[in-house]
Amino acid sequence: RVIQVYGGVVHMDFHKSIMDAPPANAGKYTPLSSSQLPPLRLLVAQAPSDSGRVHSDLRQRYDNGDADVHAAMKEVAGLADDGRALLTSSSSSSSSSSW
């Protein structure tokens, strides 16, 4: 829903220090320019599975301290931070060759 509200590319930061600060559980949302994105492709599965079934207990597993979930979330957060850095760096303003 964040993307619909902001209407474009948004970096969402959910680091613990941000999530613990008021307002609680809000995260930090930073709009980014879509003009710096490389060419994108959309992949669609011919036989999609029910993602709700896969993701339904993810928050509970995270809250319970599941090491696999925490490791995966940390990896995804790092990728998001790397992407934001590329989009906001001066080197990416001239072309998308960094991608």
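In what follows, every heavy atom counts, from backbone to side chain, and hydrogens, waters and symmetry copies are set aside.
Side-chain atoms of Asn64 do not come within 3.5 Å of backbone N or O of Asp66 as any donor-acceptor pair.
Separation of atoms NE2 (His55) and CZ (Arg61) is listed at 10.0 Å; rounding is to 0.5 Å. Here the CZ-CG distance, from Arg41 to Leu43, works out to 9.5 Å after rounding to the nearest 0.5 Å. Atom CD1 of Ile18 and atom CG of Asp13 lie 3.5 Å apart (nearest 0.5 Å).
Heavy-atom neighbours of Met73 CE from other residues, nucleotides or ligands within 6.0 Å: at or below the threshold of 12. Within 6.0 Å of CD on Gln4 lie more than 12 heavy atoms contributed by other residues, nucleotides or ligands.
Legend: residues meeting salt bridge (Lys or Arg N to Asp or Glu O under 4.0 Å) with Asp63, ordered by chain and number and at least two apart, are Arg59. Not a single side chain to side chain donor-acceptor pair (under 3.5 Å) links Asp68 to another residue, sequence neighbours left out.
Leu40 and Val9 fall within the same hydrophobic cluster, defined by Ile, Leu, Val, Met, Phe, Trp and Tyr side-chain heavy atoms under 4.5 Å apart, directly or through other members. Both Met12 and Tyr6 sit in one connected hydrophobic cluster of ILVMFWY residues. Membership requires side-chain heavy atoms under 4.5 Å apart, directly or through other members.
A 4.5 Å side-chain heavy-atom check between Tyr62 and His70 finds at least one atom pair inside the cut-off.
Ala26 approaches Phe14 most closely through the heavy-atom pair O-CE2, 4.4 Å. Here the closest heavy-atom approach between residue Leu32 and residue His11 is recorded as CD1-CB, 3.9 Å.
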